[in-house]
Amino acid sequence: MAPAGINQTNETGPEIQNTCYICCSSCTAGQARVREGDRGRLPVIVAAGLLFAAGLVFSTALRSTGHAWAEYLILLAAYVLVGGRIILEAFKGLLGARVFDENFLMTVATFCAIAIRQVPEAVAVMLFYSIGEYLQELAAGRSRRSITALLEIRPDYANLKTDGETLKVRPEEVQVGQSIIVRPGERVPLDGEIVKGTSFVDTSALTGESVPRKVKAGENILAGTVNGPGLLEVRVTRPAGESSIARILDLVKNAAARKAPTEQFITTFARYYSPAMVLGAAATAVIPSLVVPEATFSEWVYRALVLLVISCPCALVVSIPLSYFGGLGGASRNGILIKGGNFLEALTRLHTVVFDKTGTLTRGVFKVSTVVPRNGYRQHEVLRLAAAVESGSNHPIARSIIEAYGQEATANALEDFREIAGCGVKARMEGRMVLAGNGLMLHRENVPHDDCDITGTVVYVAVDGILAGYIVISDEVKQDAAETISALKRLGIKKTVMLTGDDEASARQVAAVLGIDTYFARLLPEDKVGKLEELQAPLKDRWEKLLVMGDGINDAPVLARAAIGAAMGGLGSDAAIEAADIVITDDRPGKLVTAIEIARRTKRIVVQNIVLTLGIKVFFLILGAAGIATIWGAVFADVGVTLLAVLNAARALRPAVSRFQTVF
């Protein structure tokens, strides 16, 4: 059918334009070329079809009047109309080392048919091949439209606020730090922080979430979302080229270049399959007429032509990439950005899923629930000391302590402030060394303590090596976290694991509530990487995959080290985009279940197409070699099967509605 990259040699080289016209036409110019080609091809096909019908209807009459040449003239005119482009592409392929593609096979088969005076069959091959190619492009148009829909969420303009007036400019002209106005119903053009105003924004284009989200002054807002009823003033925090929507579009467009193993196999298979079939057809045409008694050369040439037409691998090399491309597009519409077909296929072989706790399974919104003083200190004093020393940190736990203190806690009075990863903070304050952190911090600083088995997230406060007390922080488990773990087990995931830097008691409590198989607590960032390698070591890496899901910032090392890294809620995080293979654009771990279901549905479609195509082709190849199948059967085995495979592949473009999604 259409050029499908049978001889693709370099995913990033100049031949990529022939690899998959579906992907390349996602740009505006590409879409225009495809639409122009569609409009111009249909009249040619109709004209050739009318000439072909006339040649068949009047062939007997023309032959009886001695004007047999007129039959050939009509049929050859139809042949040139629909076959001229294919013949031209075949000769270009010969010059450009792209020899054994579908254009070459069709050209050789029809030239030989004309040579043995089977002109109607030659015209039929070219005509039905062109019809199938045209219908195939119509089916593939759904894939192009899915990418077009993504491109349409890119804002066209920004209302720049300057010197008391508002100017409409291109988003690329707005500088970081400038203010823009977003009116009701407008699409937010750039990432920024809301300076003034309250509204509801539609984030479905980015996150797949249909419920509008309330935003107010002080909150961040992302490009690509649609403003609701309120007027917003936004201070720009990222240039247009680095906005969330720009990174999403770049990720989705580049995803097609990372091919799944099945795609790579089919491409390699086609390189060897096509030459083998050409040689086999040549042998079929020549050898039997030399060694089989009473065998005629013309009969075996005809059988060889049938084999050539049947053997075109178009159905595989077009429908398989289309299936994966559809799966990637379907996932992106659900707020799941997958960086390539290889990761989409890897999701079908998941064995172990590893979760970070804070911000992934829990909300990461901490609140002080208990303050317990020790060694003569009072509750208020413990909270004041903790708030003061934590004022130098941006950690969510630090913010919860400062919020609970309720008064101004400034870092100006701190000296020698240090934040120790995975432990806590310490600083000199009022002439005393104050530290706030977890149990690891107490052991590190040799602070005597007896309170080691406390349920929840605990922040210990010590002054000059003496325990002043501890603060218990509660972190709420996400609404869909427990159902996510349950759904993963129903999908056949063998093992679920939780890694956390929190204390043993807190980790044990969350694991028990969610039904997680195994957990590891008190892990520093480097400890998480080591534990991940231990979990990954016994797996058969080719067939059994391990996925890590984290918040995309603190968990960047393990996301990068895992076979599959999934960053959740990482849309605004550069670390998430860079480190993860899958980016889930909201804070719902249940989207992982949706991603797995999309991946499995895509793989089922791919397997169906492989079985359907090879099964029918092998059947017709046997009939063709036996002299039973005709050129008409060969046309069905090629064009018909390709169209069926493409239509089946188009099912991957349907919006995915996970059974899990209906729960929440």
Is [X] reaching over with its side chain to a backbone N or O of [Y], donor-acceptor style, under 3.5 angstrom?
| X | Y | result |
| --- | --- | --- |
| Ser486 | Glu483 | no |
| Asn334 | Ile336 | no |
| Asn159 | Ile181 | yes |
| Thr484 | Gly590 | yes |
| Glu415 | Arg428 | no |
| Asn438 | Met441 | yes |
| Thr360 | Lys357 | no |
| Arg588 | Gln479 | no |
| Ser369 | Val472 | yes |
| Asp191 | Arg238 | no |

Non-hydrogen atoms of [X] and [Y] that approach each other most closely:
| X | Y | result |
| --- | --- | --- |
| Ala386 | Val461 | CB-CG2, 3.7 Å |
| Ala567 | Leu559 | CB-CD1, 4.1 Å |
| Pro589 | Met568 | N-SD, 3.2 Å |
| Ala436 | Val459 | CB-CG1, 4.0 Å |
| Ile221 | Val188 | CD1-CG2, 3.7 Å |
| Pro171 | Asp156 | CD-O, 3.5 Å |

**OP:** Taking atom CD of Glu193 as the centre, report whether more than 12 heavy atoms of other residues, nucleotides or ligands fall under 6.0 Å from it.
**Re:** yes
Original post:
Does a sphere of radius 6.0 Å around CZ in Arg418 hold more than 12 heavy atoms from other residues, nucleotides or ligands, not counting ones at 6.0 Å or beyond?
Top reply: no
For the pair [X] and [Y], find out whether any cationic side-chain nitrogen is under 4.0 Å from an anionic carboxylate oxygen.
| X | Y | value |
| --- | --- | --- |
| Arg522 | Asp527 | no |
| Arg600 | Glu597 | no |
| Glu219 | Arg235 | no |

Original post:
Could you go step by step and tell me if Val425 and Ile420 meet the side-chain contact (heavy atoms from CB on, under 4.5 Å) rule?
Top reply: CA-CA 6 Å; Val425 296; Ile420 303 168; over 6 Å; no
**OP:** Report the C-alpha separation of Leu547 and Met549 in whole Å, then their side-chain angles, then the decisive distance to 0.1 Å, and conclude whether the side-chain contact (heavy atoms from CB on, under 4.5 Å) test is met.
**Re:** CA-CA 7 Å; Leu547 178 143; Met549 174 176 272; 4.2 Å; yes
**OP:** Start with the C-alpha distance between Glu430 and Arg384, add both sets of side-chain angles, then the distance that settles salt bridge (charged side-chain N to carboxylate O under 4.0 Å, His left out), and finish with yes or no.
**Re:** CA-CA 12 Å; Glu430 300 170 357; Arg384 183 185 75 84; 3.2 Å; yes
**OP:** Decide yes or no on side-chain hydrogen bond (donor to acceptor under 3.5 Å, both in side chains) for Ser199 and Asn227, but give the supporting numbers first.
**Re:** CA-CA 7 Å; Ser199 186; Asn227 186 26; 2.7 Å; yes
Subject >> Heavy-atom side-chain contact between Ile516 and Ile485 under 4.5 Å >> reply: yes
Original post:
Phe200 and Val215: side-chain contact (heavy atoms from CB on, under 4.5 Å), yes or no, with the steps?
Top reply: CA-CA 6 Å; Phe200 287 86; Val215 294; over 6 Å; no
Subject >> Residue from Ile564, Leu592, Leu337, Leu344 passing side chain to side chain contact (heavy atoms under 4.5 Å, CB included) with Ile582 >> reply: Ile564
**OP:** Using side chain to side chain donor-acceptor pair (under 3.5 Å) as the criterion, point out the one residue from Glu173, Arg187, Glu186 that pairs with Tyr157.
**Re:** Glu186
**OP:** Could you please spell out the steps behind the side-chain contact (heavy atoms from CB on, under 4.5 Å) verdict for Leu546 and Val548?
**Re:** CA-CA 7 Å; Leu546 180 146; Val548 172; 3.7 Å; yes
